[in-house]
Amino acid sequence: MELLDGQFVSKAIQDSLRLKVAQLKAEGKKIPHLAAVLVGNNGASETYVGAKVKACSEIGFNSTLIRLEASISENKLLQVIDELNNDMDVDGILVQLPLPKHISDEKVINALHPSKDVDGFHPANVGRMVQGAPSFISATPHGIMLLLEHYKIDTKGMHAVILGRSNIVGRPMSILLSSNSQPGNCTVTICHSHTRNLRDHCQQADILVAALGRPEFVTAPMVKEGAIVIDVGITRVPDASKKSGFALKGDVKFEEVAPRCSYITPVPRGVGPMTIAALMKNSYHACANRNEGSLA
Ligand code: GUN
């Protein structure tokens, strides 16, 4: 069993971006500027946005964190997005999800200019990704593909089983793994809350992507010997022994599943850091597109 070390790979990607930013600066060109919008004070969202802003500063990107009250109206939020769309210095915009219940995720995502949608959530980017055209690809599936690429895992012909059909992870993951690319060229099954015989599907998986947000859901008997297991889950569970009062749990029962795997991602230090690396890569490209005068 080999660990897919997201922390290590993410750092390597961020190091290479830092060099590219230094080069942009030396050439007198614009450097990437990411605007992050955080609505309310959900603890997990605060942590994720904090990590994204910190990564920007470590790489040398500019970043702006816009904190808004949970009570902000949908119209006011749409106005903030409009301003960011029109701000010539801002290359990428991310609106951390989930949003408060009175705000429509769909309206907010649709309001982003596709050329600044570094989360890859806008329908124009999703559509282009499905067609295999250049697009921003949402950070978690993009990060997983970068991880498979780094470890040179030849996924051609493999059966990938994805647990979860979210727009952020499961669905784009299914498109990417089935696309005619390396990594890719997999036969893909998506499982969800209405799937019958879930365990049987899991046992068929050469690659098992667990993205359902249910701590330690995947146990050893569900995993085929030699499978590649990608754990996207990161749930806070109460843990009095931790200073923070919680521990982070993946969707996979790591201790019992890991010995069966050829490769497995740990939690933390697996998919999480790769999500940041992918977002940073997208933000760099958003800026590069603008430096080249193309609003792809
Ligand atoms: N919430 C959970 N994952 C993500 C993500 O990748 N981007 C944003 N904006 N919100 C999220």
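Counting convention: from 1, in listed order, for ligands and their atoms alike. The structure displayed is predicted, hence computed values, not measured ones. Residue numbers run from 1 in the order of the sequence given. Because only heavy atoms are used, hydrogens play no part in the values below, and waters and symmetry mates are left out as well, while side chains stay in.
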Ligand 1 contacted by Phe121 (non-hydrogen, < 4.0 Å): yes
I'd like to know if His142 contacts ligand 1, where contact means a heavy-atom distance under 4.0 Å to any ligand atom. no
Above 12 or not: heavy atoms from other molecules or residues under 6.0 Å from CD of Glu58? yes
Would you mind finding which of Asp119, Val108, Leu279, Val232 brings a heavy atom closest to atom 7 (N) of ligand 1? Asp119
Selection residues 195-214 - residue pairs positive for salt bridge (Lys or Arg N to Asp or Glu O under 4.0 Å), sequence neighbours left out: Asp206-Lys224
Give the residue and atom name of whichever protein heavy atom lies nearest to atom 1 (N) of ligand 1, and the separation in Å to one decimal. Leu97 O, 3.0 Å
Within ligand 1, which atoms have a heavy atom of Leu94 less than 4.0 Å away? 9 (N)
Ligand 1 atoms nearer than 4.0 angstrom to some heavy atom of Val95 are 8 (C), 9 (N)
Whether Glu292 and Lys29 form a salt bridge (side-chain N of Lys/Arg under 4.0 Å from carboxylate O of Asp/Glu) is what I want to check. no
Only residue of Lys116, His33, Arg290 satisfying side chain to side chain donor-acceptor pair (under 3.5 Å) with Asp91 is Arg290
What residue and atom, counting heavy atoms only, is the protein's closest point to atom 11 (C) of ligand 1, and at what distance? Gln96 NE2, 3.3 Å
For Met145 against Pro183, the heavy-atom pair lying closest together: CE-O, 3.2 Å
Heavy atoms, side chains only, cut-off 4.5 Å: are Leu177 and Val209 in contact? yes
